[in-house]
Amino acid sequence: MNKKVNVVLLVALSFVFTYCSNAKKEAASEKAAEKKQELEQFVEEQFEYPLPTSFEVTKMLQDANASYNSEITNDAGNVDKYVAEWQKALNLGVYGADLSYASTFDKQQESVAFLNASRRLIEELNVSTAFNKSLANRIEDNLENKDSLILIITESFYQTYNYLNKSGDEKTSLLVVAGSVIEGLYITAQLIEASDYNSGLMNVLAAQKDQVGDLTTLMEAHAEDENVNKVLPFLRYVNLFYDQIGEGAEISKGQFDDVSASISEMRAKIVG
């Protein structure tokens, strides 16, 4: 009799634990959905971020079975070298892309390093939003929750872009975006070379066509600006590369080698 009671109790407890576990998962899922909705509403109400964030690029890389390679990111210690405002803006974008890359592949130590470098550049660019002041703590509290981490970092991109635009500093905001786009191109190109021209990774490079085109168009409006012109000629070249391969066409090895060399040259000028 006692054995039967014990069995019944165990079964009942298992149902309770299962219910509680499922309830927690549902609650977490609902919270993530609410956060996503808040983020989408924020973007609609404020200045629209002009391009997909670097998380979308690194997610495509992950889906193409790419791996994480710390040697192709910008060393967080390089932040000390960036003195001019254009260097700070471009490298804020670079570190943002590197942070996305590290977070996508669950590299916590690297994520914290890129976070600290980004935070320093944000402070030096005087992008002092309430969100950015709490950014470090929010990210560190969610290092083991990739979905929440992605939402937080993505919102940081939006907040920084929005702040700079509202402050009348659209050119600096575009430099931040440009740094992120160029780093996404660079990471993709380096992974392609390491994979011996993997076709899936080639497709990820091809998929970045629209964001390069849109960014080039946005920056053309400030073509007279000296700092914008540090990257605009390069973007024009990459945009021409995409126009030449056409829609849906495969990138040849020769085409890739040409554009990859240009990407590496531009990125070297940015990170120093």
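Listed for the S173 side chain is a donor-acceptor partner under 3.5 Å among the backbone atoms of E170. With hydrogens and angles disregarded, a donor-acceptor distance shorter than 3.5 Å links the side chain of T217 to the backbone of G213. Panel note: side chain S103, backbone S100; no donor-acceptor pair is recorded below 3.5 Å.
Of all non-hydrogen atoms in A97 and T58, the two that sit nearest each other are O-CG2, 4.4 Å. Residues F114 and D98 approach most closely at CD1-O, 3.5 Å, considering heavy atoms. Contact record, Y95 with V79: OH-N, 3.4 Å, taken as the closest heavy-atom pair. The shortest non-hydrogen separation linking L92 to S118 is CD1-O, 3.6 Å. Taking both residues in full, the closest heavy atoms of R236 and A223 are given as NH2-CB, 4.0 Å, listed atom of the first, atom of the second, then distance.
Linking Ile, Leu, Val, Met, Phe, Trp and Tyr whenever their side-chain heavy atoms come within less than 4.5 Å leaves Y242 and L240 in two separate clusters.
Contact annotation: the side chain of Q87 approaches that of V83 to within less than 4.5 Å [non-hydrogen atoms, C-beta and beyond]. Residues V231 and L175 meet the side-chain proximity criterion, which asks for heavy atoms closer than 4.5 Å.
Scored by the side chain to side chain donor-acceptor pair (under 3.5 Å) test, K107 finds no partners at all (sequence neighbours excluded). Remark: F241 engages no residue in a ring pair (Phe, Tyr, Trp, His ring centres under 6.0 Å) (not counting sequence neighbours). Listed by chain and number, the residues in a salt bridge (Lys or Arg N to Asp or Glu O under 4.0 Å) with K171 are D225 (sequence neighbours excluded). Residues forming a salt bridge (Lys or Arg N to Asp or Glu O under 4.0 Å) with D243 (at least two apart in sequence, or on another chain): none. Residues passing the ring pair (Phe, Tyr, Trp, His ring centres under 6.0 Å) test with Y101, sequence neighbours excluded: Y68, F105.
For the atom pair CG (L215) and CG (D210), the distance works out to 12.5 Å, reported to the nearest 0.5 Å. With rounding to the nearest 0.5 Å, the separation of CD1 in I192 from CG in N203 is 9.0 Å. To the nearest 0.5 angstrom, L115 atom CG is 8.5 Å from S111 atom OG. Separating the CE atom in M219 from the NZ atom in K230 is a distance of 11.5 Å, to the nearest 0.5 Å. Between the CE atom in M60 and the CG atom in L201 there is a gap of 11.0 Å [rounded to 0.5 Å]. Taking CG of L90 as the start and CG of N227 as the end, the distance is 8.0 Å to the nearest 0.5 Å.
Among pairs with a residue in residues 75-84, those fulfilling side chain to side chain donor-acceptor pair (under 3.5 Å) read N74-N78, N74-Y82, D80-R120, Y82-N91, at least two apart in sequence or across chains. Evaluation of the ring-ring contact (aromatic ring centres under 6.0 Å, His included) test over residues 198-240, restricted to residues two or more places apart or in two chains, returns none. Applying the salt bridge (Lys or Arg N to Asp or Glu O under 4.0 Å) rule to pairs touching residues 109-118 yields nothing, sequence neighbours excluded. Contacts classified as side chain to side chain donor-acceptor pair (under 3.5 Å) and involving residues 263-272 (residues at least two apart or in different chains) are given here: E183-R267. Screening residues 83-96 for salt bridge (Lys or Arg N to Asp or Glu O under 4.0 Å), with sequence neighbours left out, gives K88-E124. Screening residues 188-200 for salt bridge (Lys or Arg N to Asp or Glu O under 4.0 Å) gives no qualifying pairs among residues at least two apart or on separate chains.
By the neighbour-count criterion of 12 heavy atoms within 6.0 Å, atom CD of E220 is densely surrounded, having more than that number from other residues, nucleotides or ligands. In this structure, E224 places its CD atom where more than 12 heavy-atom neighbours from other residues, nucleotides or ligands lie under 6.0 Å away.
Between the side chains of N116 and R119, a donor-acceptor pair is found at a separation under 3.5 Å.
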Hey, can you pull the donor-acceptor pairs under 3.5 Å for the side chains in residues 184-191, sequence neighbours left out?
residue	atom	partner	partner atom	Å
T188	OG1	G184	O	2.7
T188	OG1	Q208	NE2	3.0

